[in-house]
Amino acid sequence: MRNNLDLSFTALIVVDFQNDFCPGGTLAVSEGDQIYPVVQDLVNEFEDRHRPIVFTRDYHPSNHISFVNRGGPWPPHCVQGTYGFEFFPKLRIPDNAAHFFKGYLKDADAYSGFEGCLATNGTITGITLESWLHSQNVHQVYITGLATDYCVKATAIDATRAGFDTIVITNGVKGVNVSPHDSERALNDMKQAGACLLEWPARHG
Ligand code: VGL
Ligand code: ZN
């Protein structure tokens with residue numbers, strides 16, 4: 001089935017698959033690590049097809065506005081220079097992947113990857129995700145990662161608004177679920193915004 005998919009104008013966006021959002025992390029998504037086989041399979045498939053692969057990451061300063069000690073909703077997470085910022089360790093990142101950092105200004109939060117900028121060798125540029133995707137002639141995005149009810153949702157809705165054909169991989173996302181049905185609601189919100197939901201036929205896991 002996957003062999004029939006036309007991905008010639010598609011990029012993969014892996015949202016915030018970082019240690020702090022996985023079990024053991026400071027803002028752990030329950031079973032967040034379980035998306036790994038699907039995420040890696042997608043990465044491998046896009047790499048095999050020489051299609052663009054984007055990784056977004058939360059890159060917060062230690063005094064970030066979203067943290068409880070500043071009156072925000074979250075425990076400190078994905079702090080610059082910490083293990084929690086790093087990728088889930090099993091994940092194999094292609095050398096030519098594009099990395100986008102977000103939430104790096106201490107007084108502004110950013111859930112959506114479209115609020116981030118390209119980081120080359122750890123240095124943040126002024127290139128936004130939207131402009132970068134256009135530069136790659138991308139019309140469609142596949143979205144996977146953490147967390148369904150925050151950064152995945154914001155990224156998917158921004159992608160539809162920017163005019164990208166947007167596909168959210170249902171078995172490649174997990175939510176925080178501050179309230180029990182938040183993830184379900186988030187998937188519905190993404191659909192309402194025009195995104196399609198797809199269960200990826202992963203080869204393993
Ligand atoms: C996220 C809460 C705070 C996410 C980021 O990646 O979904 N959630 N910061
Ligand atoms: Zn954050």
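Counting starts at 1 for both ligands and their atoms, following the listed order.
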Flag the pair [X] / [Y] as yes when their ring centroid distance falls below 6.0 Å, and as no otherwise.
X	Y	value
H60	F67	yes
W74	Y150	yes
F21	F88	no
F55	F87	yes

#### Entry: Trace of the side chain to side chain donor-acceptor pair (under 3.5 Å) decision for N188 with E184
CA-CA 6 Å; N188 270 315; E184 228 174 281; 5.7 Å; no
### Message
Among residues at least two apart in sequence or on other chains, which ones pass ring pair (Phe, Tyr, Trp, His ring centres under 6.0 Å) with F101?
### Response
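For F101, the residues satisfying ring pair (Phe, Tyr, Trp, His ring centres under 6.0 Å) (neighbours in sequence not counted) are Y59, F85.
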Extract all N/O-N/O pairs under 3.5 Å that connect ligand 1 to the protein, and present each with both atom names and the distance rounded to 0.1 Å.
unit_1: ligand 1; atom_1: 6 (O); unit_2: D16; atom_2: OD2; d: 2.6
unit_1: ligand 1; atom_1: 7 (O); unit_2: A147; atom_2: N; d: 3.0
unit_1: ligand 1; atom_1: 7 (O); unit_2: C151; atom_2: N; d: 3.0
unit_1: ligand 1; atom_1: 9 (N); unit_2: D58; atom_2: OD2; d: 3.1
unit_1: ligand 1; atom_1: 9 (N); unit_2: H77; atom_2: NE2; d: 3.1

### Task
Measure the spacing between CG of D58 and CG of D109 and express it to the nearest 0.5 Å.
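With rounding to 0.5 Å, CG (D58) is 7.0 Å from CG (D109).
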### Those residues that, when tested against D158, pass salt bridge (charged side-chain N to carboxylate O under 4.0 Å, His left out) (two or more places apart)
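Salt bridge (charged side-chain N to carboxylate O under 4.0 Å, His left out) check on D158 returns R161.
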### Salt bridge present between D16 and K102 (N-O < 4.0 angstrom)
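Salt bridge flag = yes for K102 with D16.
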### Task
Anything protein N/O/S under 2.8 Å from the Zn ion (ligand 2)? Just list residue and atom, please.
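The answer is D58 OD2, H60 NE2, H77 NE2.
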